[in-house]
Amino acid sequence: MSAAEAVTDALRDLHRRFVDVREGERADYIPELTRSDTRDFGLALVSMDGHRYSAGAARTPFTLQSVSKPFVYALALSSLGLDEVDRWVGAEPSGEAYNAISLERRTGRPANAMVNAGAIVATALVPDTPEVPAFTRILTTLSRFAGRGLDVDEDVYASEAATGDRNRALAYLIRSTGVLPADPVAAVDTYFRQCAVRVTAVDLAVMAATLAHGGVNPVSGETVVTADVAAQVLAVMATCGMYNASGEWLLRVGLPAKSGVSGGLIAAGPARFGLATYSPLLDATGTSVRGRDAISALSERLGLHLMRNPALPGSTVTLATTADVLPSAPADREARALRERVGVVAAQGALDFTAVERVLFALDEAGPERAGPVVLDLREVTGADGVALALLHAGLARLAREGRRAAVVDPAGRLGPPALVRGRTGQDLPRYGSREEAVEHCARDLAGPA
Ligand code: GLU
């Protein structure tokens, strides 16, 4: 067995722990949903590298129901942009049940796209043309999120279509206030179809992982939505995804999540993982009981709460010293004395805003009396985002203005091509393939012309 089976074991453990919970009821207002097996309980986790782990009934098909909402909202946002979508559907937690008349008092605008009223509006916002009908776009998008072609459970669709008067009433009510951008009958029919799309817990975990991974499906590698849209959807899931239990969920579990009445539940750890459970027994808010309990337990056990800081301080800067203490320093006293005046900072990993701030701070501190040249060793840096790069350039430019020369060890060209560096820092930043060369250059500079 492989080492990574330990992750599967953690899911199996949760399965064992909660599979005997018998609390809750199946949703029966959509009659077809009562055909599900109440013993079914599946869990799945997908990492940002697209590794899939699962336990229990993770390949048992069921219908998306409300778990479709964040993904259709993502499609509406991708098609129209946040400002336009926001005109039709808000982003405030309603504090009410999923099927409540959660409409803004004056405007009639639904509270958010995670409750039925707002979800119907989000569906109505999806472009609908004779060449590409709205539902085709929705099914294609859901399939891209899952990384495979999904289909509709026609029986569940027919069952909800036959009994879904409350949703039709909601649609007409919204239409009467002028905030439904489509025909109510057509919009609700498309909405019922999207709710009846068939998935498994593994599919859902991939879909959640795609949101967590900035809109790029980590299994297929396909960009499904932009990073901005993924972040917007996760934000609304965090505040509104669990209906009238959303605040309590964010407080205790701390993960953007979405539940559905067929028993599916997704949770996303931004930049970390996608998680999904399936178990049809629901609590009073319409959330799967076993799923709720298992995800809560996992979040607590693995410290996944969003508001906890996952970045370990000190893990970016691996060395902050002077060149005389490097193992490569020569024994010669004079050479050593020069090297005492050369600061050395080495960084590692991926540089974002948080990480680069540490590097800049270390650069300031480097060298005796915070003065003299400084070698910045970027060989162990694996990447830098745009924000980090701009800040690093700005910091190096400031250093130069204070008369401190920097020599950067950057064989992989993380700082960008020389012309870009000159443009940004206002100096020809010398760059070296090895730390020793950079130190030698700075020491020679200090010694002055021979
Ligand atoms: N199709 C369901 C409805 O509109 C979805 C609700 C849910 O999953 O919470 O009633």
Side-chain angles (χ1 to χ4, degrees), residues 24-36 61-73 89 93-103 110-124 135 138-139 142 150 152-174 180 184-199 201 203-204 207-208 236-237 240-246 249 257-267 276-289 291-292:
E25 305 279 339
R26 275 182 305 213
D28 57 6
Y29 71 99
I30 302 172
E32 194 64 21
L33 293 184
T34 59
R35 292 166 60 96
S36 60
F62 56 96
T63 53
L64 272 175
Q65 301 303 329
S66 271
V67 183
S68 63
K69 292 170 180 172
F71 303 101
V72 173
Y73 184 52
V89 52
S94 69
E96 295 181 306
Y98 64 93
N99 58 2
I101 307 172
S102 306
L103 308 178
N112 64 70
M114 301 298 117
V115 294
N116 288 8
I120 293 168
V121 171
T123 300
F135 186 68
I138 289 173
L139 189 60
L142 293 171
L150 302 175
V152 173
D153 183 327
E154 292 295 338
D155 294 335
V156 173
Y157 160 72
S159 183
E160 186 165 21
T163 55
D165 290 334
R166 189 177 174 95
N167 282 324
R168 284 195 193 91
L170 268 176
Y172 275 108
L173 199 58
I174 300 165
L180 190 70
V185 174
V188 172
D189 187 69
T190 306
Y191 168 75
F192 289 157
R193 277 195 176 278
Q194 85 185 39
C195 286
V197 168
R198 214 182 332 233
V199 289
D203 291 328
L204 283 191
M207 295 171 84
V236 175
M237 281 168 63
C240 312
M242 300 296 275
Y243 308 124
N244 39 331
S246 295
W249 177 269
K258 186 74 205 80
S259 59
V261 291
S262 55
L265 175 59
I266 57 169
T277 56
Y278 169 60
S279 168
L281 293 171
L282 310 181
D283 68 12
T285 68
T287 296
S288 164
V289 175
R292 179 198 71 191

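Counting starts at 1 for both ligands and their atoms, in listed order. Quick note: residue numbers are just sequence positions, from 1.
- At a 3.5 angstrom cut-off on N or O pairs, Glu160 counts as close to ligand 1.
- Residue contact check: Asn167 has heavy atoms under 4.0 Å from atoms 3 (C), 4 (O), 10 (O) of ligand 1.
- Neither side chain, Ser68 nor Tyr191, offers a donor N or O lying under 3.5 Å from an acceptor on the other.
- Remark: aromatic rings of Tyr278 and Phe62 are close, center separation under 6.0 Å.
- Close contacts of ligand 1 with Tyr29, meaning ligand atoms under 4.0 Å from a residue heavy atom, involve 2 (C), 3 (C), 5 (C), 6 (C), 10 (O).
- Within the listing of ligand 1, atoms 8 (O) sit less than 4.0 angstrom from a heavy atom of Gly260.
- For Asn99, the side chain to side chain contact (heavy atoms under 4.5 Å, CB included) partners are Ala97, Asn116, Arg166, not counting sequence neighbours.
- Atom 6 (C) of ligand 1 has Ser66 OG, 3.1 Å as its closest protein atom, hydrogens excluded (heavy atom only).
- If you check which protein heavy atom lies closest to atom 9 (O) of ligand 1, you get Tyr243 OH, 2.4 Å.
- Within 6.0 Å of CG in Leu139 there are more than 12 heavy atoms belonging to other residues, nucleotides or ligands.
- Residue Tyr191 has at least one nitrogen or oxygen atom sitting less than 3.5 Å from a nitrogen or oxygen atom of ligand 1, judged on distance alone.
- Contact analysis leaves Phe192 out of contact with ligand 1, as no non-hydrogen atom separation drops below 4.0 angstrom.
- Every salt bridge (charged side-chain N to carboxylate O under 4.0 Å, His left out) that Asp153 has, sequence neighbours left out, goes to Arg198.
- Every atom of ligand 1 with a heavy atom of Asn116 under 4.0 Å away is listed here by number and element: 3 (C), 4 (O), 6 (C), 10 (O).
- At a cut-off of 3.5 Å, with distance as the only test, no side-chain donor of Ser262 or Gln65 sits close to an acceptor on the other residue.
- Ligand-side atoms of ligand 1 in range of Tyr98: 6 (C), 9 (O), 10 (O), range being under 4.0 angstrom from any heavy atom.
- Donor-acceptor pairing under 3.5 Å is lacking for the side chains of Ser159 and Glu32.
- Near Cys195, meaning under 4.0 Å from one of its heavy atoms, ligand 1 places the atoms 1 (N).
- In this structure, Lys258 is positioned above the aromatic face of Tyr243, its NZ or CZ under 6.0 Å from the six-membered ring centre and within 45° of the axis.
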